[in-house]
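Notes follow once the structure below has been shown.
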Amino acid sequence: MREVEQMGYHSEFERSINEPEDFWREQAAQLDWIKPPSVIWEAKKNGHGEWFPDGVLNTSDVALDANLRAGRGDQKALIYDSPVTGQTRFLTYKELTHQVALFAGALQSRGIEKGDRVVIYMPMVPEAVIAMLGCARIGAVHSVVFGGFAAHELAVRVDDAKPKAIVTASCGIEVKKVIPYKPLVDRALEEAEHKPECCILLQRPQVQAEMTPGRDFDWEELLASASPADPVPLKSTDPLYILYTSGTTGKPKGVVRDNGGHAVALKYSMSLVYGAAPGDVYWAASDVGWVVGHSYIVYAPLFAGCTSILYEGKPVKTPDAGAFWRVCQDHKVNLLFTAPTAFRAVRKEDPEADQLKRYDVSSLRRIFLAGERLDPPTYDWLHEHTGLPIMDHWWQTETGWAICCNPVGIESLPAKPGSATMPTPGFNVKIVNHQGRPVPTGDQGQVVVKLPLPPGCLTTVWGDDARFCKTYLEPIPGYYSSGDGGYIDEEGYVFIMGRTDDVINVAGHRLSTGEMEEVVAAHPAVAECCVVGAHDELKGQIPIGLVLVKDGATISQDELEEELVEMVRDRIGAVACFRRAIVVERLPKTRSGKILRRVIRQIADGEEYSVPSTIDDPAILEEIDQHLKR
Ligand code: COA
Ligand code: AMP
């Protein structure tokens, strides 16, 4: 047992904050570097800086080749379980390394080099993982776009990342619905100003995509003629990937992750947060398009020598609410991680957990949840029926790993439903008011993290460092502003209560109401609008639009709603779940003209609200209430 394991959580945490360089030097020593770092931390500006700046490594080497060197070549690295196609496929570390090296060689054959960007728009197939690791192998910066986003969203990301190549598949499969991807890619590339030089496409048996000669290359053919590529030495601070996430405006932010800090932090997290050991079967039931997929389907389980599961299906309907338990049984899953919404869907269809009784899930040690608030009824249901420890942990795309967790790798703390437990070592979490002053214990405020952030967190916003500083570092100098509100109780447990900005969380998917407002406002009959996230039993939140029509517009409420729903689906994607748009006569505003979104949300949720003193006409609130009840 390592020394720290005997020390307990509190001393580990204190050490991470008081002696960060020694602390992270030890963690860095757990990795295979090409050149280990001699400098651990270099401060830059605004309390931000670089981790391991003179270290040299390759992320694909750490994830794959290092496991071959450790004698794990014949262990399963990836299990692809796809109820939507009826397929199960295994790749050992040896096989995955070979496929990744070949794909990396194929990229090189198309002229892609270190620093070039590659956009990946793929369903949950092993080739998505191979493409990500293939980019990492040659130092190309991948940017995965979630398959549920529409062509326009893809175009926005292509224009921002300016990729040399785009990697895609002929289709995705949503339960029984086959969704052709290539027409979406073609539309996005037509719309985007930036034109990638090539498109690499995986033809799936369900749909044969049309290819544009000279630009589009078939995955199989390209790999058949490729030579395997060796890992390219990279600086720790070289970018590994860009992952776009919703902010308060219509323009998504490209979160940039480095190579060295990312590998050190994720490897540490596998033992600390998840209690995982080499050989464990680890399943993050998410999508490679989200941060959970990046960190805990692709990278961390491989850094830790585990077997990772890639599941192309849903918690329900593929074929039933026993799907998760079936996967746990079939692949002897030890650690399961998903979003609470997945279990709310299971519970809705199988309230007594009868499906659970059909399967042997004795391999499961713990269930982890994140992505949105873990509501106590879901916590209780899971705990009661599985008898397992249920671990809530809080994190964000920006941080890439848990800011708060129950540090089971060193000490299992008693759980408190509704709390994501304690700050993870490295994250000095505080609660402050709008002026940045600490609030009394137990009071709600903004959740911030004292700088510097530990390794693994975002290094900047792609192409817009000013936005990075303005959004995260400048609001409260000396701290990272998380955008979440919450409180810390007298025992130090952290409770995250929700976003304090215009970001909403729909079925664990992070979306921007500001972006939806931009789409709704573009309708010719709309004079003004506002979109808020209202509480939803299953998805946590769903967007609702309030719309003011232009004078003289003759469109009916139903027609307008139908058109707006279609516009949001078309511009953002079905995943936004925008299904309600209500015509109102007026919108509640402050005297200075600011729409009172918070009060509208409270009304939509049926919560008590106080009438703000700044409101120009309090009677509007009653009208809104009536409209929402209809
Ligand atoms: N490609 C194309 N379309 C997609 C898609 C993808 N990868 N993912 C979702 N969509 C579509 C769905 O088909 C659906 O379309 P529809 O309106 O035509 O039916 C729409 O986007 C909404 O999808 P979703 O939010 O997933 O709702 P759902 O009703 O199909 O499923 C849950 C609800 C709770 C079962 C599902 O959201 C889920 O399993 N969530 C797990 C949590 C998760 O993965 N979180 C990610 C972060 S951890
Ligand atoms: P994403 O960047 O998509 O991972 O979404 C991050 C946001 O999800 C956070 O800012 C929180 O609002 C919310 N979130 C994630 N995990 C939790 C959790 N365990 N409890 C409460 N909210 C959470």
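Computed from heavy atoms alone, side chains included, the values below leave out hydrogens, waters and symmetry copies. This chain uses plain numbering: 1 for the first residue, then up along the sequence.
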### Query
What orientation do W395 and F337 show, parallel under 30°, tilted 30 to 60°, or perpendicular over 60°?
tilted
Which atom names give the shortest non-hydrogen contact between [X] and [Y], and what distance separates them?
{"X": "E561", "Y": "A581", "result": "OE2-N, 2.8 Å"}
{"X": "F324", "Y": "A285", "result": "CZ-CB, 3.6 Å"}
{"X": "I572", "Y": "E153", "result": "O-CG, 3.5 Å"}
{"X": "L621", "Y": "V599", "result": "CD2-CG1, 3.8 Å"}
{"X": "H393", "Y": "A402", "result": "CD2-CB, 3.8 Å"}
{"X": "M122", "Y": "Y181", "result": "C-CE2, 3.7 Å"}

Using the benzene-type ring in the case of Trp, are the ring centres of [X] and [Y] under 6.0 Å apart?
{"X": "F427", "Y": "W394", "value": "no"}
{"X": "Y472", "Y": "H48", "value": "no"}
{"X": "Y274", "Y": "Y296", "value": "yes"}

Taking 4.0 angstrom as the limit, do [X] and [Y] come out as a salt bridge?
{"X": "K416", "Y": "E491", "answer": "yes"}
{"X": "E349", "Y": "K317", "answer": "yes"}
{"X": "D570", "Y": "R187", "answer": "yes"}
{"X": "K45", "Y": "D465", "answer": "yes"}

Backbone of [Y] reached by a side-chain donor or acceptor of [X] within 3.5 Å:
{"X": "H152", "Y": "A188", "value": "no"}
{"X": "H509", "Y": "N505", "value": "no"}
{"X": "T424", "Y": "I403", "value": "yes"}
{"X": "K550", "Y": "P524", "value": "yes"}
{"X": "R344", "Y": "L538", "value": "yes"}
{"X": "S143", "Y": "I242", "value": "yes"}
{"X": "N433", "Y": "V439", "value": "no"}
{"X": "W401", "Y": "P455", "value": "yes"}
{"X": "E50", "Y": "T237", "value": "no"}

### Task
Could you go through the side chain to side chain contact (heavy atoms under 4.5 Å, CB included) check for E518 and K251 one step at a time?
CA-CA 10 Å; E518 281 180 25; K251 192 171 186 283; over 6 Å; no
#### Entry: With S512 via side chain to side chain contact (heavy atoms under 4.5 Å, CB included) - residues at least two apart
S246, E515
### Task
Determine whether the side chains of Y311 and T318 contain a donor N or O and an acceptor N or O closer than 3.5 Å.
yes
### Message
Show, in sequence, the C-alpha distance, side-chain angles and deciding distance for T59 and N259, and conclude whether the side-chain hydrogen bond (donor to acceptor under 3.5 Å, both in side chains) test is met.
### Response
CA-CA 6 Å; T59 292; N259 277 276; 2.6 Å; yes
### Query
Y379 and D392: side-chain hydrogen bond (donor to acceptor under 3.5 Å, both in side chains), yes or no, with the steps?
CA-CA 9 Å; Y379 173 93; D392 185 6; over 6 Å; no
### Query
Does R571 count as lying over the ring of F578, i.e. NZ or CZ under 6.0 Å from the six-ring centre, within 45 degrees of the axis?
no
### Task
Report the distance from atom CG of L154 to atom CG of D159, rounding to the nearest 0.5 Å.
10.0 Å
### Query
Can you tell which of K253, R510, E398, Q396 makes a side chain to side chain donor-acceptor pair (under 3.5 Å) with T245?
R510
